[in-house]
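First the structure, in the form of structure tokens, and then the observations on it.
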Amino acid sequence: MKFIELTLGSYVISHGYDDKNKEVLEHVHSDTFSKKIVAVSRIKSISDKYILTDYVDGRWIYWEYKEAFAEVKKALI
């Protein structure tokens, strides 16, 4: 399994949808960024601000990250 080191901060957890088809989101704020090792297989997409990862129980997590987009893209390709 391949891993990547990322510097991650605040994140948003998507818990799915309610009975009115509205997405249930939990916002978790962090004042600091922390280095984490993430399995590349968990990364589903990246944008300028967020890295989308999946979680074991079907939830999705949008992480803020500190690295440059081009740096992360290069590490993943």
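Here the structure is a predicted model, which is why all the values come from computation and not from measurement.
Classified by interplanar angle (parallel below 30°, tilted 30° to 60°, perpendicular above 60°), the ring pair Trp63/Tyr11 is tilted.
The distance from atom CD of Glu23 to atom OH of Tyr17, rounded to the nearest 0.5 Å, is 4.0 Å. To the nearest 0.5 Å, atoms CG (Asp48) and CZ (Phe69) are separated by 6.0 Å. Note that NZ of Lys49 and OH of Tyr62 are 13.0 Å apart. Values are rounded to the nearest 0.5 Å. Note that CD1 of Ile61 is 12.0 Å distant from NZ of Lys44, once rounded to the nearest 0.5 Å. We find the CD1-CD distance between Ile13 and Glu26 to be 4.0 Å, quoted to the nearest 0.5 Å. With rounding to the nearest 0.5 angstrom, the CD1 atom of Ile51 is 11.0 Å from the CD atom of Glu64.
Note on Glu5 versus Lys36: no salt bridge recorded, every NZ/NE/NH1/NH2 to OD/OE distance being 4.0 Å or above. Salt bridge annotation for Arg59-Asp57: present, with a cationic side-chain nitrogen under 4.0 angstrom from a carboxylate oxygen.
Using a 4.5 Å cut-off between side-chain heavy atoms of Ile, Leu, Val, Met, Phe, Trp and Tyr, with links allowed through other members, Ile37 and Met1 fall into the same hydrophobic cluster. With hydrophobic clusters built from ILVMFWY side chains whose heavy atoms lie under 4.5 angstrom apart, Val24 does not share a cluster with Val56.
In this structure, Thr53 contributes its side chain and Arg42 its backbone to no donor-acceptor pair below 3.5 Å.
Results of the side-chain contact (heavy atoms from CB on, under 4.5 Å) test with Ile43 over Leu52, Asp54, Val72, Leu76 single out Leu76 as the only residue that passes.
Residues Lys35 and Leu6 are not in side-chain contact: their nearest non-hydrogen atoms beyond the backbone lie 4.5 Å or more apart.
For Tyr55, the OH atom is loosely surrounded, since the number of other residues' heavy atoms within 6.0 Å does not exceed 12.
The two residues Ser10 and Ser30 come nearest to each other via the heavy atoms OG-N, 2.8 Å. The minimum heavy-atom distance linking Ala75 with Lys2 is given by the pair O-NZ, 3.4 Å.
Tyr65 is linked by a ring pair (Phe, Tyr, Trp, His ring centres under 6.0 Å) to nothing, counting only residues two or more places apart in sequence or in another chain.
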